[in-house]
Amino acid sequence: MSADVSDVIAKLVADRAGGDEPVCLYGYDLDALAGHVRGVVAALPARCRMFYAMKANSAAPILRTLAPLVAGFEVASGGEVAKARAIDAELPVIFGGPVKTPAEIAEALRCGVTRFHVESELELHRISESATGSGHVADILLRVNLAGPFPSAKLAMAGRPTQFGIDEAAVGPAIRLAISLPGVRLAGFHLHSLSNNLSPDAHLAMLELYRRKVIGWEETFGVRAEVINVGGGIGVNYVDTRAQFDWQYFTTGLAELVDGFPRHWREIDFECGRFLVAACGTYAAEVLDIKHNHGVDYVLVRGGTHHFRLPASWQHSHPFSVLPVPGWRPNSPRPEVRDRPVTVVGELCTPKDVLASDAAVGAVRAGDVLLFSYAGAYGWEISHHDFLSHPHPEQVFVSDGAGDPGR
Ligand SMILES: *Cc1c(COP(=O)(O)O)cnc(C)c1O
């Protein structure tokens, strides 16, 4: 069994295998999640705070587990504001997202959102107007889209043209506008530039770039930042799962770096999604058939990219292990592949429905169950659930060995 899948989830799947319905589920180990996030938060140096970027996985049991452990939730829509408030009426909530409607802004102010991350001058006007209309002054960070250069990571939000934030070249007018509007208070800057970065040194170098940039804006435009939000983007290694981002090494370097930050930067916010929740989730899918077409061994599962679009979206072969299921009831030979690379596909009528390709397996048979690890972030959340109208996977949340019925 792969060390990447927790024993409780492997047992849960083993208990269901060999039944009347093929196994197809997401299993989440909430105790493992809590343990991981406690360790991540405990290693943060003074002034640094960890928010949870809810878009990675906003299932209620995940949010309930994380709420007491993190500084708050980062949300990117009115729907996420509502989900956050359904968990906790008081928890700090910071509101980002590339474009926000006037109704979302008004509702967020009513719900006591802590800070807005502002993406344009028009959005500054919208927030100021909504805030003055309801008797608020909204704390805001200006999200700046830096020119770079940045360490290479798969999804870059800045350093190349993207729709996010305010162009670095236009930050001066945005600062002046933020200072002049009555309904907003400029609390600092927001810089989320990349996703799935696996190198702690590259991440530290990026934060050093942020330090120089913000100090430069403070000097040039005569402002003082209190809060610097350095975004998320700490990665998960889906290719070599034994070589994960070294958080202890990173936070040691971070402590030195933050020591050199100006004293008036009282709060350095991280807002991570993937790094917090990926490891707690496993997608389990039973093998329905195996065939050899044009030189390739295909393993076909109950499920696919409509449940778990992450590997198709990132164009990687997702890591999995095989849970051997001894029983075989059909009155027919049991197809199997041994010691040959396989391509794992789902039940959709498209050749893009691929979860893993050219993957080495010892042996896999129809009726066995594949366990895809690191499926807790951007798995179910980003998938096209109803394409072809197959049933949805079960969502099982386990803590203290007990299941949580979930949403
Ligand atoms: C998606 C997102 C995050 C979280 O990113 P991860 O790569 O999951 O850590 C943080 N901040 C912003 C603005 C985002 O869009």
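Remember, it's 1-based here, ligands and their atoms both numbered in the order they're listed.
- Checked by distance only, ligand 1 and E74 stay at 3.5 Å or farther apart across all their nitrogen or oxygen atoms.
- Considering backbone and side-chain atoms together, E271 places an N or O closer than 3.5 Å to an N or O of ligand 1.
- Aromatic ring centroids of F308 and H318 lie under 6.0 Å apart.
- Considering backbone and side-chain N/O of F275, none are found under 3.5 Å from N/O of ligand 1.
- The shortest N/O to N/O separation between R143 and ligand 1 does not fall below 3.5 Å.
- Salt bridge annotation for E267-R115: present, with a cationic side-chain nitrogen under 4.0 angstrom from a carboxylate oxygen.
- In the vicinity of R274, heavy-atom distances shorter than 4.0 Å reach the ligand 1 atoms 6 (P), 8 (O), 9 (O).
- Ligand 1 is approached by G233 to a heavy-atom distance shorter than 4.0 Å.
- Using a 4.0 Å cutoff on heavy atoms, S195 counts as a contact of ligand 1.
- Below 30°, between 30° and 60°, or above 60°: for F116 and F95 the angle between ring planes is between 30° and 60°, a tilted geometry.
- Of all protein heavy atoms, the one lying nearest to atom 1 (C) of ligand 1 is K55 NZ, 1.2 Å.
- Across all their heavy atoms, V41 and L69 have their closest contact at CG2-O, 3.7 Å.
- Of all the atoms in ligand 1, the ones that sit under 4.0 Å from a non-hydrogen atom of G273 are 4 (C), 6 (P), 8 (O), 9 (O).
- The C272 neighbourhood of ligand 1 comprises atoms 9 (O), with distances under 4.0 Å to a heavy atom of that residue.
- The protein atom (non-hydrogen) at minimum distance from atom 4 (C) of ligand 1 is A53 CB, 3.5 Å.
- Heavy atoms of H117 found under 4.0 angstrom from ligand 1: none, in either backbone or side chain.
- For F387, the ring pair (Phe, Tyr, Trp, His ring centres under 6.0 Å) test picks out H384, with sequence neighbours left out.
- At least one heavy atom of Y378 sits less than 4.0 Å from an atom of ligand 1.
- Using a 4.0 Å cut-off to heavy atoms of G232, the atoms of ligand 1 that qualify are 9 (O), 10 (C).
- Between E208 and R211, at least one side-chain nitrogen of the basic residue sits less than 4.0 Å from a carboxylate oxygen of the acidic one, meeting the salt-bridge criterion.
- No part of A56 comes within 4.0 Å of ligand 1, judged by heavy-atom distances.
- In this structure, F189 has its ring center under 6.0 Å from that of W217.
- Ion pairing of E80 with K55 is absent here, as no side-chain N (NZ or NE/NH1/NH2) approaches a carboxylate O to less than 4.0 Å.
- Ring geometry for H316 versus Y238: interplanar angle of 30 to 60°, hence tilted.
- For F275 and W247, the ring centers sit closer than 6.0 Å to each other.
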